[in-house]
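Keep in mind that this is a model prediction, so the values were computed, not measured.
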Amino acid sequence: MDWDKLRVFHAVAEAGSFTHAGDTLNLSQSAVSRQISALEEALQVPLFHRHARGLILTEQGESLNQTVREVFAKLAMTEALLTESRDKPAGRLKITTTVGFGSNWLAPRLLQFLELHQDVTVSLLLDDGDLDLAMREADVAIRMHPPKQPDLIQRHLFEIEWHICASPEYLGRAGTPATVDELDRHRLILFGSYHPPVADIDWLAQAGRRSGAPRRGVLEVNSLASMAQVIRAGLGIGTLPSWMATEMEGLVRLLPQVPRPKVDCFFVYPEELRHSKRVSVFRDFLLARLQRAA
């Protein structure tokens with residue numbers, strides 16, 4: 001099988017159309033279509049079902065694409081290791097983590113990391129789901145749960161605590177709750193059930209209540225940064241993770257005696273990158289910055 005045709009096939013399979021794959025590969029739609037037709041002719045099997053709404057892989061196409069993904073992932077891993085000096089970190093590091101942590105805590109600190117390691121470049125992939133490290137969707141991950149894949153190396157980074165927060169303006173209007181029961185009379189800001197980045201993110205709705213009878217929020221917003229902004233603007237009471245609440249001005253922390261869940265955060269990467277200098281210096285950078293913030 002021709003490598004160029006396989007590269008085009010993989011791009012089409014991932015994009016779901018000849019046009020979008022062509023944009024990725026800088027080829028015309030007709031050139032992409034010809035490559036796929038030639039590959040199907042060489043293999044004597046159809047790889048795609050073609051219809052007005054796009055392309056769907058056939059069973060044979062699914063099988064081929066899985067193999068091609070694995071091959072290209074291994075090649076990318078090998079290329080990264082070959083281009084990296086044993087003595088000096090170099091090359092691109094693909095980092096994935098949750099949208100909230102990545103945009104609010106990690107992104108502002110990447111300048112420091114890149115100034116320390118000027119031969120390293122970074123791709124920051126923010127996703128509240130887990131990208132597949134084994135398939136090289138990313139090199140390393142900062143995750144708010146232990147890794148589920150058995151072949152990944154993990155390092156515990158820190159423990160996230162939750163703080164109940166409100167603005168002085170809101171408390172001046174609505175009063176300051178002295179017990180968890182008094183939250184029943186207050187306006188709550190919740191994350192909601194749409195792709196929560198960590199378990200129990202809306203634990204405040206259930207705190208002190210019987211099971212199955214949670215409080216309702218006056219606002220649900222699936223963004224920690226937006227939750228922080230509306231809390232600070234005086235809309236109501238909400239919970240924020242320690243790495244966010246401790247750095248934000250204009251917030252009052254409430255009810256410190258209330259038991260709250262804790263979330264363990266892990267640094268995760270594949271076994272193949274155990275000896276990567278890029279990975280080790282980034283891990284050490286994280287640990288140093290987190291220890292400083294503790």
Side-chain angles (χ1 to χ4, degrees), residues 1-86 89-97 119-141 143 147-153 195 268-279 282:
M1 286 182 281
D2 184 275
W3 279 104
D4 287 334
K5 290 184 176 61
L6 288 175
R7 182 171 64 91
V8 172
F9 162 75
H10 181 57
V12 174
E14 297 298 308
S17 79
F18 292 144
T19 302
H20 293 151
D23 292 340
T24 302
L25 299 169
N26 199 25
L27 294 173
S28 67
Q29 185 216 6
S30 58
V32 172
S33 179
R34 284 196 301 271
Q35 291 276 58
I36 296 300
S37 296
L39 182 59
E40 290 177 321
E41 185 176 346
L43 295 174
Q44 293 294 297
V45 294
L47 298 174
F48 294 97
H49 297 296
R50 295 159 171 82
H51 56 80
R53 291 176 296 172
L55 301 172
I56 298 177
L57 286 165
T58 63
E59 183 178 351
Q60 297 94 331
E62 288 277 9
S63 178
L64 178 60
N65 191 44
Q66 182 175 348
T67 300
V68 169
R69 285 187 69 206
E70 292 173 359
V71 169
F72 280 119
K74 291 293 184 183
L75 286 172
M77 178 81 74
T78 302
E79 180 185 20
L81 292 174
L82 288 174
T83 57
E84 183 174 50
S85 165
R86 286 187 175 273
R92 181 167 297 277
L93 182 66
K94 291 193 291 185
I95 305 163
T96 183
T97 188
D119 292 326
V120 176
T121 58
V122 166
S123 291
L124 182 58
L125 310 172
L126 303 183
D127 196 316
D128 287 338
D130 288 352
L131 299 189
D132 192 336
L133 302 189
M135 295 305 298
R136 285 307 304 275
E137 291 182 342
D139 298 319
V140 301
R143 290 185 175 159
K148 300 168 185 174
Q149 295 173 262
D151 55 343
L152 297 178
I153 298 173
H195 295 171
V268 184
Y269 56 96
E271 174 70 31
E272 294 96 316
L273 291 177
R274 177 185 291 274
H275 301 296
S276 168
K277 290 292 290 182
R278 300 188 317 284
V279 171
F282 182 64

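- In this structure, the side chains of V45 and L64 stay at 4.5 Å or more apart for every pair of heavy atoms.
- N65 is linked by a side-chain contact (heavy atoms from CB on, under 4.5 Å) to F9, H10, A13, E14, L57, R69, counting only residues two or more places apart in sequence or in another chain.
- Contact record, L125 with A138: CD1-CB, 4.3 Å, taken as the closest heavy-atom pair.
- Nearest heavy-atom pair, R278 versus A90, reported as atom, atom and distance to 0.1 Å: CD-O, 2.7 Å.
- When every heavy atom of L131 is checked against every heavy atom of R143, the shortest pair comes out as O-NH2, 2.6 Å.
- Contact check for F18 versus V12: side-chain heavy atoms found under the 4.5 Å cut-off.
- Between F72 and L6, the shortest heavy-atom contact is CE1-O, 4.2 Å.
- At a threshold of 4.5 Å between non-hydrogen side-chain atoms, the residues I36 and V8 count as touching.
- To the nearest 0.5 Å, atoms CG (L93) and CZ (F282) are separated by 6.5 Å.
- A donor-acceptor pair under 3.5 Å is formed between the side chain of D139 and the backbone N or O of K94.
- A side chain to side chain contact (heavy atoms under 4.5 Å, CB included) with L273 is found for one member of I153, V279, L152 and no other, namely V279.
- Note: T96 OG1 to D132 CG = 11.0 Å, rounded to the nearest 0.5 Å.
- Taken to the nearest 0.5 Å, the CZ atom of R92 stands 3.5 Å off from the OG1 atom of T121.
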Distance-only criterion, 3.5 Å: show the donor-acceptor pairs between side-chain atoms of residues 19-27 and protein atoms not counting sequence neighbours.
unit_1, atom_1, unit_2, atom_2, d
H20, ND1, S17, OG, 3.2
T24, OG1, H20, O, 3.2

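- Here the straight-line distance linking atom CG of L55 with atom CG of L47 works out to 11.0 Å at 0.5 Å rounding.
- A134 approaches D151 most closely through the heavy-atom pair CB-OD2, 4.3 Å.
- Side-chain contact between V140 and V268 is absent, with no heavy atoms from C-beta onward closer than 4.5 Å.
- Listed by first and then second residue, the salt bridge (charged side-chain N to carboxylate O under 4.0 Å, His left out) pairs involving residues 32-41 are E40-R50 (not counting sequence neighbours).
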